[in-house]
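Note sheet for the following structure.
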There are 2 protein chains.
Amino acid sequence: MNKNITMKDIADQIGVSTVTVSKALNDKEGVSDELKARIKAIASEMGYRVNTVARSMREGLTYNIGVIIPERFTGPDQSFYLRVYQEISKGLEDYGYYGILHILSSSDEQAQQLPRIYYDRKVDGFILLGQIGKPYIEIMHAIEPPILFLDFYDDHSDIDAVVSDNFYGAYELTNFLIRQGHRNIAYVGSLHATSSIQDRFLGYYKSLLEHHIALRQDWVINDRNEHGNYLDIEIPDELPTAFVCNCDQVAYLVVQKLQGMGYRIPDDCSVVGFDNDIYATLTVPHLTTVEVNMKQLAQTSIQSILSKISTPDTKFGRIVVKGKIIYRSSVAKI
Amino acid sequence: MNKNITMKDIADQIGVSTVTVSKALNDKEGVSDELKARIKAIASEMGYRVNTVARSMREGLTYNIGVIIPERFTGPDQSFYLRVYQEISKGLEDYGYYGILHILSSSDEQAQQLPRIYYDRKVDGFILLGQIGKPYIEIMHAIEPPILFLDFYDDHSDIDAVVSDNFYGAYELTNFLIRQGHRNIAYVGSLHATSSIQDRFLGYYKSLLEHHIALRQDWVINDRNEHGNYLDIEIPDELPTAFVCNCDQVAYLVVQKLQGMGYRIPDDCSVVGFDNDIYATLTVPHLTTVEVNMKQLAQTSIQSILSKISTPDTKFGRIVVKGKIIYRSSVAKI
DNA sequence: CTGAAAGCGCTTACAG
DNA sequence: CTGAAAGCGCTTACAG
């Protein structure tokens with residue numbers, strides 16, 4: 001079926017020039033409506049498909065966006081970022097763009113090796129999905145194509161970022177616990193691991209402050225080491241009545257741990273998560289959590305990176321996408 | 001940093017022609033070693049990056065592969081295909097290729113609407129990941145770029161396919177159950193839903209036949225409707241001693257259901273799954289299952305589609321990738 | 001070993 | 001309203 005029909009073939013067929021065909025097919029001015037219609041009809045009849053490569057060369061744009069995800073966020077039990085990528089990829093199509101995924105291996109990250117899509121000039125811009133090492137940020141910052149951080153940020157550089165509202169999400173979730181009568185509330189998450197964990201912690205802390213509840217360092221519990229690998233979570237000797245976990249997966253682990261120790265959730269202890277991912281409903285009882293608006297995260301990123309491509313000096317700073325609390329049965333009123 | 005350095009810039013810098021630069025950078029014959037080294041040094045110094053778009057236009061290749069996944073396989077609790085895509089995408093880079101993901105919406109599938117990457121000539125070939133409707137297969141079959149089915153096949157068309165060894169996997173798993181003393185073994189999976197479910201069923205059936213165990217129709221249990229949506233699984237009145245489930249997620253549901261009815265797994269009833277995905281270890285007890293060799297599935301697909309691109313009439317037929325049984329604690333000896 | 005010429009398929013700026 | 005010319009950056013086939 002229709003091997004390699006070009007504008008020239010259509011032009012020859014009707015006896016016009018390729019210029020006219022190009023104008024007609026792209027709805028540009030300067031072709032009579034009648035001729036335009038005829039060209040379009042013939043094009044479709046001949047099974048014409050644009051050669052976007054030729055267009056790309058002419059315009060100096062690839063119509064591709066590179067989406068970079070550090071390998072450590074793509075383990076068998078973490079599909080959130082892959083899903084975000086999926087949304088981005090789907091959303092980009094509406095703009096005639098495509099998303100090319102690059103999983104950044106830990107060794108490349110260490111060695112500050114830029115992805116092949118960069119050296120191949122395969123993309124017009126990059127979305128970095130997930131916290132990445134500082135040195136790597138620096139080299140990405142130095143390259144020419146525009147870049148955007150997604151789901152994290154770094155204050156020492158002036159790169160635009162799209163993040164979900166970790167701070168207010170955790171703040172409101174903690175407020176909710178307090179309204180349910182809790183005052184002994186722990187936070188689970190290693191504060192130096194990612195900016196998300198840090199911001200969620202600060203939201204939790206703000207809620208405590210507003211309610212004049214003292215922060216207890218022994219109730220701020222590490223969940224992962226500096227490589228991002230999960231630790232065995234240590235339940236404090238003096239049990240709080242509620243745990244604010246920095247993500248659903250960790251909430252799932254906390255619930256398992258507590259149940260293993262004989263506690264009933266939420267009767268003996270309440271647990272909340274963050275993300276509303278698969279772990280929220282795998283946990284029994286299902287978790288009260290914060291739903292990140294993934295579609296909007298994707299849409300906002302797409303619009304930001306595309307406008308940075310079309311208008312190189314565009315700056316957005318940090319764009320925050322709101323989440324919402326999903327109420328389920330992991331919290332008891334006391 | 002280095003905006004748009006071209007071969008011409010390098011050529012001008014040294015005072016040679018672009019032809020020589022091209023030959024040097026691509027390690028082609030016809031440049032003295034000395035000059036080649038000098039050109040490479042200058043290129044790297046100037047921060048030269050190839051313009052693959054120009055190369056693509058010249059060669060008529062995009063160096064992209066389209067990976068199409070039907071939307072219904074990408075729900076929040078199904079990440080298997082996304083992971084396969086990730087493997088493919090990673091593996092393609094070693095060949096200078098990239099994978100462009102296209103999620104085929106159910107409406108496009110219905111309307112037999114080909115993906116935009118097709119009309120945009122964005123890819124040199126397609127990998128169809130996951131069972132797709134017959135009419136859609138027909139239209140994909142009719143297009144010019146080579147296509148490959150991954151993880152399913154269709155015998156009425158002559159399209160190459162890479163599949164995991166569903167038949168022998170289920171066969172060996174059932175043999176194992178029988179060796180553990182089971183003779184009352186049910187199969188869970190809707191036989192007309194996908195070729196995988198069908199083949200796994202036939203492997204199970206072959207094992208029964210070999211052991212002279214009669215197939216009981218009431219022990220072949222539906223798990224999904226014709227749209228692929230999960231049904232509430234009906235546990236038969238007369239309980240078998242073991243369930244062979246067509247995938248881990250369904251095994252997880254079966255275990256939940258049985259436990260909800262008061263049965264202990266594996267003491268009262270054994271359950272096995274297939275895939276060794278996240279559900280295998282989320283299920284308590286962890287599932288004995290068949291691990292699909294995802295990396296090899298990806299590698300084989302990559303090699304197949306690339307050789308179909310370079311040698312258009314290459315045919316492979318159906319390539320089967322072996323799996324292996326993972327023994328865990330969901331099976332009891334009786 | 002080195003380079004001038006042609007061409008991949010498109011689009012833009014300009015001329016008629 | 002229509003088209004001839006130029007050019008995007010590369011590579012191949014050919015000539016020297």
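Chain naming here is simple, since letters A, B, ... match the order of the sequence lines and numbering starts at 1 in each. Just so it is clear, the values below take in all heavy atoms, side chains as well, and ignore hydrogens, waters and symmetry mates.
Rounding to whole angstrom units, CD1 of residue B:Ile10 and P of D:dC10 are separated by 8 Å. Going from atom CD1 of B:Ile5 over to atom P of D:dG9 covers 11 Å, rounded to whole Å. We find that CZ of B:Arg49 is positioned 14 Å from C1' of D:dG9, with the value rounded to whole Å. Going from atom NZ of A:Lys8 over to atom C1' of C:dC10 covers 13 Å, rounded to whole Å. In this structure, CD of B:Glu29 is placed 17 Å from P of C:dG3, rounded to the nearest angstrom. Spacing between atom CG of B:Leu35 and atom P of C:dC1 amounts to 10 Å, rounded to whole angstrom units. Between the CZ atom of B:Arg55 and the C1' atom of C:dG9 there is a distance of 18 Å, given to the nearest Å. In this structure, B:Met7 places its CE atom 16 Å from C1' of C:dT2, rounding to the nearest Å.
Between B:Asp313 atom CG and B:Lys315 atom NZ the span is 7.0 Å, to the nearest 0.5 Å. Taken to the nearest 0.5 Å, the CD1 atom of A:Ile100 stands 11.5 Å off from the CG atom of B:Leu101.
Each of C:dT2, D:dC10, D:dG3 was ranked by its minimum atom distance to the side chain of B:Val31; first place goes to C:dT2. Among the nucleotides D:dG3, C:dC10, C:dG3, the one closest to any side-chain atom of B:Ser17 is C:dG3.
A salt bridge does not link B:Lys122 with A:Glu93: none of the charged nitrogens is closer than 4.0 Å to a carboxylate oxygen.
Ring-plane geometry between A:Phe73 and A:Tyr81 is classed as perpendicular, the angle between the planes exceeding 60 degrees on a 0 to 90 degree scale with a lower cut at 30.
Side-chain nitrogen and oxygen atoms of A:Thr20 include at least one within less than 4.0 Å of the OP1 or OP2 phosphate oxygen of D:dG3. Between B:Tyr48 and D:dG9 there is no side-chain N or O to OP1 or OP2 distance below 4.0 Å. Between A:Ser32 and D:dT2 there is a side-chain N or O to OP1 or OP2 distance below 4.0 Å.
Checked options A:Ile127, A:Leu129, A:Val163, A:Ile137; the residue passing with A:Phe149 is A:Ile137 (criterion: side chain to side chain contact (heavy atoms under 4.5 Å, CB included)).
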Enumerate the protein-to-nucleotides 12-16 of chain D contacts in which both atoms are nitrogen or oxygen and the separation is below 3.5 Å.
{"residue": "D:dT12", "atom": "OP2", "partner": "B:Lys28", "partner atom": "NZ", "Å": "3.1"}
{"residue": "D:dT12", "atom": "O4'", "partner": "B:Arg58", "partner atom": "NH1", "Å": "3.2"}
{"residue": "D:dT12", "atom": "O4'", "partner": "B:Arg58", "partner atom": "NH2", "Å": "3.4"}

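Note on B:Val53: nothing from the nucleic acid sits closer than 4.0 angstrom, heavy atoms only.
Closest non-hydrogen pair, A:Leu114 versus A:Tyr136, comes out as CA-OH, 3.5 Å.
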Would you give me the side-chain donor-acceptor pairs under 3.5 Å for residues 24-35 of chain A, sequence neighbours excluded?
{"residue": "A:Asn26", "atom": "OD1", "partner": "A:Arg55", "partner atom": "NH2", "Å": "3.3"}
{"residue": "A:Asn26", "atom": "ND2", "partner": "A:Ser22", "partner atom": "O", "Å": "2.9"}
{"residue": "A:Asp27", "atom": "OD1", "partner": "A:Lys36", "partner atom": "NZ", "Å": "3.4"}
{"residue": "A:Asp27", "atom": "OD1", "partner": "A:Lys40", "partner atom": "NZ", "Å": "2.8"}
{"residue": "A:Asp27", "atom": "OD2", "partner": "A:Lys40", "partner atom": "NZ", "Å": "3.3"}
{"residue": "A:Ser32", "atom": "OG", "partner": "A:Leu35", "partner atom": "N", "Å": "3.2"}

key: Dot-bracket encoding per residue of DNA chain C, Watson-Crick/G-U cut-off under 3.5 Å, | denoting interstrand   = |||.||||||||.|||
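Side chains of B:Tyr153 and B:Asp160: a donor-acceptor N/O pair is absent below 3.5 angstrom, by distance only.
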